[in-house]
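If you're wondering where the values come from, they're calculated on a predicted model, not measured in any experiment. Basis for what follows: all heavy atoms, side chains included, without hydrogens, waters or symmetry-related copies. Residue numbers begin at 1 in each chain, while the letters A, B, ... track the order of the sequences.
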Amino acid sequence: MAASSSLFSSSSFQGVMSFQNTKLCASYSNFVYKQPMHLKRSSQNNGTVSCRALEVDKSSSSYSVGKKFQVTDVIEAQQFDRDLLGAIFDVAREMEKIEKKSPGSQILKGYLMATLFYEPSTRTRLSFESAMRRLGGEVLTTENAREFSSAAKGETLEDTIRTVEGYSDIIVMRHFESGAAKRAAATAGIPVINAGDGPGQHPTQALLDVYTIEREIGKLDGIKVALVGDLANGRTVRSLAYLLARYNDVKIYFVSPDVVKMKNDIKDYLTSRNIQWEESADLMEVASKCDVVYQTRIQRERFGERIDLYEEARGKYIVDSRVLEVMQKHAVVMHPLPRLDEITVDVDGDSRAAYFRQAKNGLYIRMALLKLLLVGW
Amino acid sequence: MAASSSLFSSSSFQGVMSFQNTKLCASYSNFVYKQPMHLKRSSQNNGTVSCRALEVDKSSSSYSVGKKFQVTDVIEAQQFDRDLLGAIFDVAREMEKIEKKSPGSQILKGYLMATLFYEPSTRTRLSFESAMRRLGGEVLTTENAREFSSAAKGETLEDTIRTVEGYSDIIVMRHFESGAAKRAAATAGIPVINAGDGPGQHPTQALLDVYTIEREIGKLDGIKVALVGDLANGRTVRSLAYLLARYNDVKIYFVSPDVVKMKNDIKDYLTSRNIQWEESADLMEVASKCDVVYQTRIQRERFGERIDLYEEARGKYIVDSRVLEVMQKHAVVMHPLPRLDEITVDVDGDSRAAYFRQAKNGLYIRMALLKLLLVGW
Amino acid sequence: MAASSSLFSSSSFQGVMSFQNTKLCASYSNFVYKQPMHLKRSSQNNGTVSCRALEVDKSSSSYSVGKKFQVTDVIEAQQFDRDLLGAIFDVAREMEKIEKKSPGSQILKGYLMATLFYEPSTRTRLSFESAMRRLGGEVLTTENAREFSSAAKGETLEDTIRTVEGYSDIIVMRHFESGAAKRAAATAGIPVINAGDGPGQHPTQALLDVYTIEREIGKLDGIKVALVGDLANGRTVRSLAYLLARYNDVKIYFVSPDVVKMKNDIKDYLTSRNIQWEESADLMEVASKCDVVYQTRIQRERFGERIDLYEEARGKYIVDSRVLEVMQKHAVVMHPLPRLDEITVDVDGDSRAAYFRQAKNGLYIRMALLKLLLVGW
């Protein structure tokens, strides 16, 4: 399934949320939720999905093992509406305060997380494993999970999941195929977190981006965000644009070389949600107006033989000290990392350079999700 | 050493059991045992082995650190007679009941297991590491232990073991050479578990297979077992046939394509032990009579250039819904995994499909062995 | 930076020690130290370094979290003078006594160590990870850290460090480039330990070598040490020669094939420090006089196409039972491992074969350093 279609077709989204034994599809426009009392995971996947709107009740976040998290798997950014995001961010802030050897640092003691990585992503894996361990949990690492399903042996992903779920309490999966996380979640009797599935989704990155904006700017309604760089290929900016549409009075500026402009599906979606957006070729002018300048790396691998186009695109919009000069005092520069030279190193020392804090926020968001999926609110 | 010779030649088996400072060889036909009181591992290997029969006393299995396990290393399936198997299975059942954060979940706290894998086997490694962590122990992982003994550096296995034993309390080793585990055990002053050594042994797989049969069928005496698929190359079915011969009134059916028939050494051995066996080309008829249908994968790599022979062999005996139909209500389908299509996926939903439970049983068997080797009965 | 220049140029050494918010350079000849009371790491690296001599006070080593360790990163052997070495060795001896489940085994509970290995070194990694776990700490493993900075993605080491420091409390780094550890330490706001940076330094190996000599011989002043084998390329013997120069009345014998003789920089340094040294071609005669025979592997990779020279050099000085015969009763054979046949296996059984004890001492030295860097004296 292509990312563009999966991103907005609610009919294609299923099997990743469960409420009182009923698989529940998120209707993106009006998804609300509440705490299920006796949620039990269904060990079978009959392929049927029912949708209904539920009331919101998000009191009682605490370290104690509380009410069940209404999400059983984290597969797509679209699962999360603004209320749920807000509730998760509250937990993430609690996670920031947990100190070594405190009771909070042991809330996942006895739980085992399997990191099932079909392609390497050391940064993401470390972040999840650190999150698990910061909460007292343990980790089974499989950096080369491709062995499980090697061409020679030919095991299906579903069989692998059925084996691994016997050894662990939660699976964090990175896969090279779009849709793989959804298949895994449909099979597993334990929670699955998508840590990136090929060109598909990377929902925890999307959550940490929004969380970072709220932490840095103090609000999400009414903000102005510049998305800069490779807007055609970066799943990060696509997911971020989508999640920003959950907030009010947001304005988004697209600043990118012509060859990697934001695609129409996102633009159309934003329009349908009454989110203002604008394309601009003037980074300086945009930067002076925005709360957030979200820079991204131009991905060379997308240009194939056309190194000339890559070099041209790559050098066009650089965040440097001149850009900082025009930015407002409260504004921040973000980047999903790794960066090359699209943000110059002299920016690093400025307090508005938020990208390393952003990376660290990934830890808290992942701690929050692990906590919620394993022991509830 | 070839598997066929090592499997039945007691004179080739040595150095893996120790009793009161004396290396003890298992005499396969009448091996009995008891609890040694002050067993100390000998740190030297002088190559001499003495054999004697001992009395059985297997009371007092409990979580408390108890009497020493009479096995100091797990190297070959032949180490285990029916009494010892029964005692280990009792412990495995206790392991199934251990709950998170319970005292039982901490019995290996402070112990370190090194997984020294000279060839990758993520499934087996995960199972052992999960077992260790479920008991509160810690893990040092070496997925690419070949570095230790790379051609360029040329360190011997013995030197590697002497280094690793300084860092850990138990070594779980996977190696590409038959006999490597025995060499490691002869060197190490700490317990060694063989997690597969090339075409040689994979004793914990054999134990979990027998454990699964007992758990699923309720008994081991008097059962009928069909071994299906690649019986020539699969060490799993060879070891299983061997261990089944420890029980009374067992009948074994061999169902395989002609090119991968069970070899004569196993047939001769079964005959010598008065175990009934029969070859059959009719899977349906056999399945209708058996308690266990143990399916295996036809291993393509064994056929070299003869893809035609592989394809012919591979399609010949498939366990599907038609086979299920003729099977008895209490019977089960087993498979060591991974599977390709030798069991069709529509079998998975039937309660008699035991293969994923079988994989999970590997966890309990390994927990039991780790517990026994590190803290005793 | 070449090892030879970095080893003795104090002006090239900076940024790895911090005292009361001031980056402090070690003056190698007269470096002394004391406990800082409120040492805080500077999170910024302004490139300036100040030097001053400090008073010594090394009382109060204990398991309790005590006074801050005056070293914030372990980058080069030169950081350590004899007083500091002695104090660290005291802690290492305490580490030897820590028992499973004792309070001492939990002093790093809640701490996370990231092993950031840009090239594989299973032996060193295992030793560090075992050390961390023996003290109750947790580990994030990155065996293939090169991904972080792959040519395709091009992230700088500094950016990687800034990300990883968000996930962990201490970084143990192995890198293929000399100087990489120093760069990492200059960036990180958490301690960095150099676990080998290319042809540069491997300071924990140097420390464990000296610690082993003290443990085995009982003293460091007045000893006679033979350095044997590849003295031109081995960073181990170079660092050891350097550290031995901190002690009184030491005599060093160099025994090596002509093609891999000790270089002049070390000889000149020893002379400048009034350390006696002598080259000899007679291993038997030297061995009969020495307290320590430190054998090393002739590294084939240094000989390129000249296999003939390699073979000649390799066979020239072998430590075997004949060498043992002439050695004194209290003397020991050491080797940094792995060994090929430069020590014959019949030596292993002799109590003077100290090389596996030496490997184990690496565990205690690393435990001591982790303890000191994370919770102080």
Side-chain angles (χ1 to χ4, degrees), chain A residues 96 98-106 109 115 117 119-139 141 143-144 208 297-302 314 335-343 345 348-349 353 355-364 366-367, chain C residues 42-47 65 103 106-118 120 125 129 132-133 136-171 183 186-190 374-375:
Chain A
E96 294 196 30
I98 290 179
E99 299 196 352
K100 278 185 184 53
K101 307 192 188 186
S102 69
S105 74
Q106 294 298 311
K109 187 172 164 64
T115 48
F117 274 49
E119 62 177 16
S121 177
T122 307
R123 184 183 309 274
T124 301
R125 184 175 61 79
L126 271 197
S127 177
F128 271 108
E129 295 188 0
S130 180
M132 190 66 182
R133 291 205 161 106
R134 291 285 187 208
L135 295 174
E138 288 291 343
V139 175
T141 298
E143 279 192 273
N144 47 359
L208 78 88
R297 181 170 62 92
I298 306 287
Q299 296 177 55
R300 181 176 186 154
E301 56 271 33
R302 306 290 184 175
R314 178 189 174 186
H335 191 297
L337 303 181
R339 70 162 162 186
L340 297 190
D341 49 12
E342 62 273 5
I343 301 176
V345 291
D348 297 1
Y355 28 95
F356 294 116
R357 295 193 294 273
Q358 179 186 359
K360 178 118 193 192
N361 285 337
L363 181 66
Y364 303 124
R366 284 155 188 149
M367 287 170 77
Chain C
S42 168
S43 60
Q44 288 156 329
N45 170 39
N46 57 15
V65 178
Q106 295 299 310
I107 51 178
L108 296 188
K109 187 172 163 64
Y111 287 91
L112 259 175
M113 174 181 89
T115 47
L116 197 58
F117 273 50
Y118 283 80
R125 185 176 60 80
E129 295 186 2
M132 190 66 182
R133 291 203 160 107
E138 288 291 342
V139 175
L140 299 176
T141 298
T142 56
E143 278 192 274
N144 47 357
R146 275 204 194 214
E147 288 164 23
F148 267 119
S149 63
S150 66
K153 291 192 178 170
E155 182 175 69
T156 63
L157 174 62
E158 282 77 6
D159 275 18
T160 301
I161 293 293
R162 284 188 190 99
T163 301
V164 174
E165 71 175 329
Y167 302 149
S168 58
D169 300 302
I170 189 167
I171 294 172
R183 286 169 55 204
T187 300
I190 61 173
L374 287 169
V375 298

Answer key: most heavy-atom pairs under 4.5 Å with chain C among Glu99(A), Gln106(A), Arg134(A) is Arg134(A)
Residue, of Lys360(A), Arg357(A), Arg133(A), that accumulates the most heavy atom pairs under 4.5 Å with chain C: Arg133(A)
Heavy-atom pairs under 4.5 Å with chain C: which of Ala131(A), Ala359(A), Ser127(A), Gly136(A) has the most? Ser127(A)
Ranked by heavy-atom pairs below 4.5 Å to chain C, first place among Glu129(A), Arg339(A), Arg125(A), Glu138(A) goes to Arg339(A)
Does a side-chain N-to-carboxylate-O contact under 4.0 Å join Arg123(A) and Asp159(C)? no
Is Arg314(A) salt-bridged to Glu342(A), cutoff N-O under 4.0 Å? no
Would you call Asp341(A)-Arg297(A) a salt bridge at under 4.0 Å N-O? no
Counterpart residues, salt bridge (Lys or Arg N to Asp or Glu O under 4.0 Å), relative to Arg366(A) (two or more places apart): none
